[in-house]
Number of protein chains: 2
Amino acid sequence: MRQARPEEGAAKRIGRPRGRRRRAAEIADAAAQVFARRGYHGASTQEIADLLGMRQASLYYYFPSKEAALEEVCRIGVEGFVESALAIAAGGGGPAEKLTALMTAHTRPVETRADYVRVFLNERRHLPVDSRRRIGRKSRRLERIFEAVLKEGVDAGIFRSDTEPRLCTLAILGMLNGVPAWYGREKRADVDGIVAAFARLTLDGLLAAPRERGAG
Amino acid sequence: MRQARPEEGAAKRIGRPRGRRRRAAEIADAAAQVFARRGYHGASTQEIADLLGMRQASLYYYFPSKEAALEEVCRIGVEGFVESALAIAAGGGGPAEKLTALMTAHTRPVETRADYVRVFLNERRHLPVDSRRRIGRKSRRLERIFEAVLKEGVDAGIFRSDTEPRLCTLAILGMLNGVPAWYGREKRADVDGIVAAFARLTLDGLLAAPRERGAG
DNA sequence: CCTACCGATCGGTAGG
DNA sequence: CCTACCGATCGGTAGG
């Protein structure tokens, strides 16, 4: 009576309606949009369904719950960052170049997938504990990549020896994660240019010779 | 029949129960706490009332609506910043000292009134248009103070001449507003020490002599 | 401040 | 995917 469940074999997709994954991705898109605009709790599943021209109850054919949709949106929101950062850190170039590339790459998703990023940054705290922890792990992976490049620069004698990689990472990610807050209402709209300026400022600080402390 | 309404005379508080203002402040405190933890839409007026040991409906004796409570919490959330920043900018010391003081002062409310600050940062977007604009004006005032000090330093020949005050302000406020995101779960708990490190990094960047661009 | 209450909406289920 | 529907909760009002 009990058959082997076809969805368990990862590679083979037999007997499943072909559009399922695609449609689920469209729902995630719509959810990201509404979550970003209204916040998770301010968003109604009705509004998500309206965006797709489907009935509210039909969403539950694709997602078991509103929370699961938030989880998916947040997952997509982080995953891009870690992957590109990993590629940069492992690639060629010196620590200074890597750091600049890391910073530029970090802000690209803000333009490409603004809604996912915003939801990840602002709404992840409304996730249930277990999935919040799962997402948080990815976030920490990203931070560690920044720290590693910073440490690489210090060890190579390129960055100032008194650089604290952890604090510096917090500062940099603060600057960068603040971008969605003003992106869109700033006159200068070239995010890449602005982030390049951020990177220059940071590098100038990292490359500077230690100065006198406390000098008026 | 129509009497002059006593609450219109600002200085004189006659005929009003004496604890009104105080109680309203307590409600704002509780609201800030719940809004910070659950987000505005995730917060129920019931939970706020529970915190105060009063009935949910009684809240409406002090605030006309949930939105009005959010507005009050946000208003308190910004007002501290502008006032202290103004005092620093107008006070003595050079631009470098002022900038450091500005940065340290900006993070103090994060410890003192964490909930108000968090709510202002994360929930102000859920305010109705008109009050959001009112709050936004205060926010811009703060930004202009930072920009002015930065420009002061450039004009005095202290900060690098290629400093862009606007971009620099966005970077600094990004770093600083990111503090509530990691404050509490970071090992090093001395926010002042961390922010001092942020300020040093920033100053090193601002004081550095222009270097060769694009040098490998 | 409380009691009593309401209309609206919300996430989610049953069954096809 | 849809129809039909539900229990719970929510912000807010009336009247004292």
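To find a chain, count down the sequence lines: A is the first, B the second, and so on, and within it residues start at 1. Below, all heavy atoms of this structure are taken into account, side chains as well, without hydrogens, waters or symmetry copies.
Looking at residues two or more places apart in sequence or on another chain, you find no ring pair (Phe, Tyr, Trp, His ring centres under 6.0 Å) involving B/Phe159. Remark: A/Lys151 pairs with A/Asp155 by the side-chain hydrogen bond (donor to acceptor under 3.5 Å, both in side chains) rule, at least two apart or across chains. Applying the ring pair (Phe, Tyr, Trp, His ring centres under 6.0 Å) criterion to B/Tyr116, with sequence neighbours excluded, gives no partner residue.
Under the 3.5 Å distance criterion, the side-chain polar atoms of A/Ser131 are left unmatched by any main-chain donor or acceptor of A/Leu127.
Dashed line: the shortest gap from a side-chain N or O of A/Tyr62 to OP1 or OP2 of D/dC1 is under 4.0 Å. Not one side-chain nitrogen or oxygen of B/Tyr61 sits closer than 4.0 Å to the OP1 or OP2 atom of C/dC1.
Going from atom CZ of A/Phe63 over to atom P of D/dC1 covers 13 Å, rounded to whole Å. Distance B/Tyr60 OH to D/dG11 P: 6 Å, rounded to the nearest Å.
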Inset, instruction - Would you sketch DNA chain C in dot-bracket for me? Only Watson-Crick or G-U wobble pairs with both distances under 3.5 Å count, crossing pairs as [ ], other-strand pairs as |, the rest as dots. - result: ||||||||||||||||

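No donor-acceptor contact under 3.5 angstrom links the side chains of B/Gln33 and B/Asp29, judged on distance only.
Taking every heavy atom of residues 119-128 of chain B and every atom of DNA chain D, no pair lies under 4.0 Å. Within residues 33-42 of chain B, no residue places a heavy atom under 4.0 Å from DNA chain D.
The residues B/Arg113 and B/Asp115 are annotated as not salt-bridged, no charged nitrogen and carboxylate oxygen being separated by less than 4.0 angstrom.
Nucleic acid contact class of A/Ala69 (heavy atoms, under 4.0 Å, all strands): none. When heavy atoms are screened at a 4.0 angstrom cut-off, B/Ala43 is found touching the sugar-phosphate backbone but no base atom.
The salt bridge (Lys or Arg N to Asp or Glu O under 4.0 Å) contacts involving residues 126-136 of chain A comprise A/Glu71-A/Arg134, where partners must be two or more places apart or lie in separate chains. Under the salt bridge (Lys or Arg N to Asp or Glu O under 4.0 Å) criterion, no residue pair touches residues 57-68 of chain A, with sequence neighbours excluded. Applying the salt bridge (Lys or Arg N to Asp or Glu O under 4.0 Å) rule to pairs touching residues 39-49 of chain A yields A/Arg37-A/Glu47, A/Arg38-A/Glu47, sequence neighbours excluded.
Under the 6.0 Å distance and 45° angle rule, B/Arg124 does not count as a cation-pi partner of B/Tyr40.
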Please tabulate, for side-chain N and O atoms in residues 76-90 of chain A, each donor-acceptor pair with protein atoms closer than 3.5 Å (sequence neighbours left out).
residue : atom : partner : partner atom : Å
A/Glu79 : OE1  : A/Arg75 : NH1          : 3.3
A/Ser84 : OG   : A/Phe81 : O            : 3.3

Compile the donor-acceptor pairs under 3.5 Å between side chains in residues 166-175 of chain B and protein atoms, sequence neighbours left out, one pair per line.
residue  : atom : partner  : partner atom : Å
B/Arg166 : NE   : A/Glu186 : OE2          : 2.5
B/Arg166 : NH1  : B/Glu143 : OE1          : 3.0
B/Arg166 : NH1  : B/Glu147 : OE2          : 2.7
B/Arg166 : NH2  : A/Glu186 : OE1          : 3.1
B/Arg166 : NH2  : A/Glu186 : OE2          : 3.1
B/Arg166 : NH2  : B/Glu143 : OE1          : 3.2
B/Thr169 : OG1  : B/Pro165 : O            : 2.7

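Of the listed nucleotides (D/dC1, C/dC1, C/dG12), C/dC1 has the atom at the smallest distance from the side chain of B/Arg23.
At most 12 non-hydrogen atoms from other residues, nucleotides or ligands lie less than 6.0 angstrom from CZ of B/Arg141.
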Atom pairs under 3.5 Å, N or O on each side, protein against nucleotides 2-9 of chain D: can you list them with distances?
residue : atom : partner : partner atom : Å
D/dC2   : OP2  : A/Arg55 : N            : 3.1
D/dC2   : OP2  : A/Ser58 : OG           : 2.2
D/dT3   : OP2  : A/Arg55 : NE           : 3.0

